[in-house]
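Input: a single structure, listed below in C-alpha cells.
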Amino acid sequence: MSFTLPALPYAHEALEPHFDTQTMQIHHGKHHQAYVDNLNKALDGSEHAGKSLEELMGMISKLSPAVRNNGGGHYNHSLFWQILAPNAGGQPTGALADAIQSQLGGFDQFKTDFNQAGMTRFGSGWAWLCVKADKTLCVCSTPNQDNPLMDIADCPGTPILGADVWEHAYYLHYQNRRADYLNAFWSVVNWEEVGRRYDAAMAS
Ligand code: MN
C-alpha cells in the first residue's frame with residue numbers, strides 16, 4: 001500500500017484573494033505530489049512500508065532523511081489543506097476558544113505569538129499550534145518538513161493548526177513578504193476543523 005495525494009477539499013481558486021490560484025495549483029499538485037512520490041520511493045521494499053504516517057513520525061529518528069523530509073512533507077501538507085477553507089477566518093469557538101483564552105493569553109496574543117513563531121523560523125519550516133502530552137496548548141515552529149509528531153521534535157505534541165512558511169507557499173503572490181502572507185492566513189483558517197482536531201487530541 002502506498003501513499004496518495006489527497007484531493008483538495010475545495011477548488012484551487014477558492015482561497016482567493018488570500019491564497020492565489022496558481023500558488024495553490026503548484027503547491028498542491030507539484031510540491032505535495034512530489035513529497036508523496038518521494039516518500040513512496042523511500043519506503044518501497046523497506047520493512048517500514050505499510051506503516052501509517054503517524055507511526056513513521058513517531059520513530060523518525062530511526063528512519064532515513066528521505067522519509068523524514070517527504071513523510072513530514074506529506075503529513076504537514078495533508079493537515080494544511082484541511083485546516084484551510086474558503087469564507088473562513090474569524091475566531092475559534094467552544095473548548096478551543098476557552099483554552100486559548102485561559103492558556104495562551106487570549107486570541108490576539110495567540111495570533112501574535114503564532115505569527116512570531118512563523119516570522120522567526122529562519123529559512124523553511126512551519127508554525128504550529130499543538131496539544132502537548134499534558135493536554136495543554138503550545139505555539140512553536142519546526143524547521144524544514146519536521147513537525148511536532150516527530151520523536152526528534154523540540155516541541156512534541158499533536159498539531160491542530162499549522163502554517164507553511166516555506167517560500168513556495170507565498171512567493172508568487174507575496175514575494176518576500178512573509179508577514180503579509182501570515183496575516184492573510186488568518187482569513188482562511190477553518191476553525192471548525194481546528195476545533196474538531198482539538199477535541200480529538202483532548203479525548204485521545
Ligand atoms: Mn508547502
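The first residue of the sequence shown is numbered 1, and numbering continues consecutively from there. Every number for a ligand or one of its atoms is a count from 1 in the order of the listing.
Closest to the Mn ion (ligand 1) among the N, O or S atoms of His27 is NE2.
Classification of Arg197 and Glu193 as a salt-bridged pair holds, one side-chain N sitting under 4.0 Å from a carboxylate O.
Trp81 and His32 form a side-chain donor-acceptor contact under 3.5 Å, judged by distance and modelled atom types alone.
For the pair NE2 of His77 and OD2 of Asp164, the angle at the Mn ion (ligand 1) is about 100°; rounding is to 10 degrees.
With 2.8 Å as the limit, His32 does not count as an N, O or S neighbour of the Mn ion (ligand 1). Put simply, His168 gets within reach of the Mn ion (ligand 1), with an N, O or S atom under 2.8 Å from it.
SG distance check for Cys140 and Cys155: under 2.5 Å.
If you run ring pair (Phe, Tyr, Trp, His ring centres under 6.0 Å) between His74 and each of Phe3, Phe80, Tyr35, only Phe3 comes through.
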